[in-house]
Amino acid sequence: MTEQIQSRNVVAAIPNGGDSRSRRQTSNLRKNLFDYSGLIPFFVFATLFIGGPTFAVIFNAFLSNEGSWTLANVQLAFTDVYYLSLLSSLKLALASASTGVIFGLAIAYGVAISGKPKLQKIVSTASGVFANTGGVPLAFFFIAAIGNYGLVTVGLQKVGIDIYSGSFTLFGFSGLVLVYLYFQIPLMIIVVYPALEGIKSEWREAAVNLGASKALYWRYVGIPILTPAVIGSFFLLFASAFAAYATANVLTQGTIPLLPLQVGTLVSGDVVADQANVGFAMGLVMIVVVGIAMTFYTYLDRRASRWRKR
Amino acid sequence: MTNKSGSAVEMINLQRIFGDVKALDGLNLTIKPGQLVALLGPSGCGKTTALRLLAGLDLADGGQITVDGRDITNVPANKRDMGMVFQAYSLFPNLTAVENVAFGLKVRGISEEIRIKKAKELLDLVGLSREANRYSHQLSGGQQQRVALARALAIEPKVLLLDEPLSALDAKVRTQLRDEIRRIQLEVGTTTLFVTHDQEEAMAMADLVGVMSNGKLEQIAAPDDIYANPATAFVASFVGAMNRIPAKLSSGKVEFLGQSVKYGGGSSATTVVALVRPESISVTPTKVNDSKSGTVIARSFLGPQTRLTVKTHEHGTHLHVDMASSDALELTAGTNVSLTITASTVLTDADGKN
């Protein structure tokens with residue numbers, strides 16, 4: 001009798017339990033879908049403008065003009081002028097990122113230790129604006145200021161200073177580095193400032209209290225703490241300069257072979273016909289380089305933020 | 001393990017001014033070798049300033065600091081041999097617990113073998129041998145402060161400075177660590193200055209408690225003495241619970257609640273406020289409504305003790321009365337009680353602060 005009752009209960013319990021579990025799962029699924037529904041516009045945007053183009057670049061990079069699979073495009077991307085443009089872009093990114101890191105770090109450090117909240121707010125807001133200024137307007141701004149007949153150039157000539165008397169030209173490599181610094185330095189300030197702000201005064205005081213000089217504090221504590229953030233920021237600046245297109249296009253007009261410009265030329269087919277897929281292969285190289293840089297940035301930023309938490 | 005003898009510390013007429021504010025207004029403090037002195041006071045009373053001046057993290061505007069008779073007023077912080085534990089967790093996040101403890105020895109050029117051995121001994125002393133290779137973000141708040149204590153002790157400091165080291169911890173850990181710090185301090189014998197706003201901490205840990213107010217030391221004495229014989233109205237009010245009862249001062253007697261008690265100091269105006277501890281009032285049920293009676297309006301059971309809140313009939317003042325819980329069973333809210341002052345003397349404060 002007992003067994004029968006138990007058995008009946010078990011039999012009765014299974015469908016009931018199954019029902020409630022299934023109802024719970026459905027309800028959870030609905031809740032999750034609802035929670036994520038706000039992100040739908042973002043996903044659509046990311047798919048259309050990041051996912052889709054990325055897929056197209058990768059797909060076409062391995063496609064011949066006849067439509068068959070090939071590695072020839074990628075091989076070609078590492079030859080002659082294409083290889084030179086890769087080197088030029090790496091050189092430009094390296095130069096502008098290194099300089100941006102040095103100046104940005106110095107300014108951010110100065111602001112962080114100033115202890116003046118108003119100054120910190122002004123610098124932060126201004127950096128946000130400048131870091132997002134690029135493209136044609138930025139190029140025009142520099143041409144109008146320090147171009148051959150720019151306001152500053154002419155003004156300085158009147159007081160006997162000719163910035164073009166040496167090797168400098170706004171339309172060459174050094175000019176491009178200078179223009180890139182306009183957004184690289186503010187970008188560095190934005191990304192490294194939280195790390196500098198995270199340096200606690202107690203660490204310095206504890207180190208001094210334990211007998212360390214200022215130099216020893218920086219050697220054993222300050223610099224090791226800041227290093228991941230600074231190197232991570234360098235990679236971000238590197239990626240930013242490596243991929244910049246419009247400013248370089250307007251300023252150099254193709255006189256310096258740069259990877260983004262080569263990709264633009266090849267994909268649009270303006271100058272060389274039937275080489276679009278080589279352009280996609282170079283685009284693939286860009287994605288790989290920027291991807292590596294961003295992976296380093298993300299890893300190092302995560303390491304740096306671990307120390308900022310406490 | 002460290003200097004069992006400890007060092008003598010003297011602060012003489014210390015002054016520190018921030019703008020218009022006198023953070024320290026002629027502080028005089030003497031700490032004997034091996035003593036643990038707690039500076040207690042409300043925020044802004046100058047206790048942390050005093051500690052930072054002793055550490056060398058801030059410089060005095062006047063006065064002198066000596067350690068074992070040597071003037072260190074202008075000696076840089078990194079040459080003072082003081083170990084400090086900060087209020088906020090201040091472990092170096094890029095170093096493991098053992099590296100943190102060994103840091104002070106490293107900057108002194110001690111060989112790695114010796115400094116790691118010593119750091120491990122100290123981690124053992126604070127009960128964290130197994131956490132030696134963890135980073136600060138892998139340690140709890142209590143563990144971090146233990147490592148900080150070991151780090152401060154590793155350099156065998158002349159003076160150990162504790163700047164509210166327990167304030168960021170939860171109540172249970174705070175009590176555990178409080179006892180542990182005292183045990184270690186007694187074991188190593190380092191002269192210690194401990195700054196806190198928590199009177200329970202100060203009373204439980206210190207040999208001497210110094211109560212500060214407005215940059216001055218109001219009183220310094222043993223914890224029981226501070227509690228039983230407060231020198232000023234401020235000390236009486238700040239340390240422990242205190243009733244403030246309207247009173248009159250006449251012929252060396254303080255008259256309140258229909259009783260007359262010997263004047264023990266404080267305000268000498270005619271109309272004053274008598275300062276009486278909750279345990280210095282006894283209550284008995286009565287049916288009489290007079291100037292020495294009141295009505296129980298609330299009771300709080302505190303374990304062995306019960307705290308009654310009594311509203312007096314004369315001025316409607318709310319008084320706290322502490323008594324043994326076993327004696328308070330009958331005294332429920334609404335009970336009419338007679339109030340008797342059991343203290344032999346009372347301090348007074350100026351009127352108008354009720």
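In what follows, every chain begins at residue 1, and chains take the letters A, B, ... in the order their sequences are listed.
- No side-chain donor-acceptor contact under 3.5 Å links A:T99 to the backbone of A:S96.
- Judged as a salt bridge (charged side-chain N to carboxylate O under 4.0 Å, His left out), the pairs with a partner in residues 80-95 of chain B (not counting sequence neighbours) are, in order, B:D81-B:R108.
- Atom CZ of A:F55 has 12 or fewer neighbouring heavy atoms from other residues, nucleotides or ligands inside a 6.0 Å radius.
- Taking the ring centre of B:F92 as origin, the terminal cationic atom of B:R151 falls inside the region bounded by 6.0 Å and 45° from the ring axis.
- Remark: B:L27 CG to B:L14 CG distance equals 5.5 Å, nearest 0.5 Å.
- B:K117 has a carboxylate O that lies under 4.0 Å from a charged side-chain N of B:E121, or vice versa, which qualifies the two as a salt bridge.
- Annotation: residues 41-69 of chain B contacts chain A through B:R52, B:A55, B:L57 [non-hydrogen atoms, separation under 4.5 Å].
- Only the backbone of B:L91 comes within contact range of chain A, with at least one heavy atom under 4.5 Å from a heavy atom of that chain.
- With a 4.5 angstrom heavy-atom cutoff, A:S213 touches chain B via backbone and side-chain atoms both.
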Using the side-chain hydrogen bond (donor to acceptor under 3.5 Å, both in side chains) rule, take B:N133 and B:T96 through it: C-alpha gap first, then chi angles, then the decisive distance, then the call.
CA-CA 5 Å; B:N133 294 317; B:T96 60; 4.7 Å; no
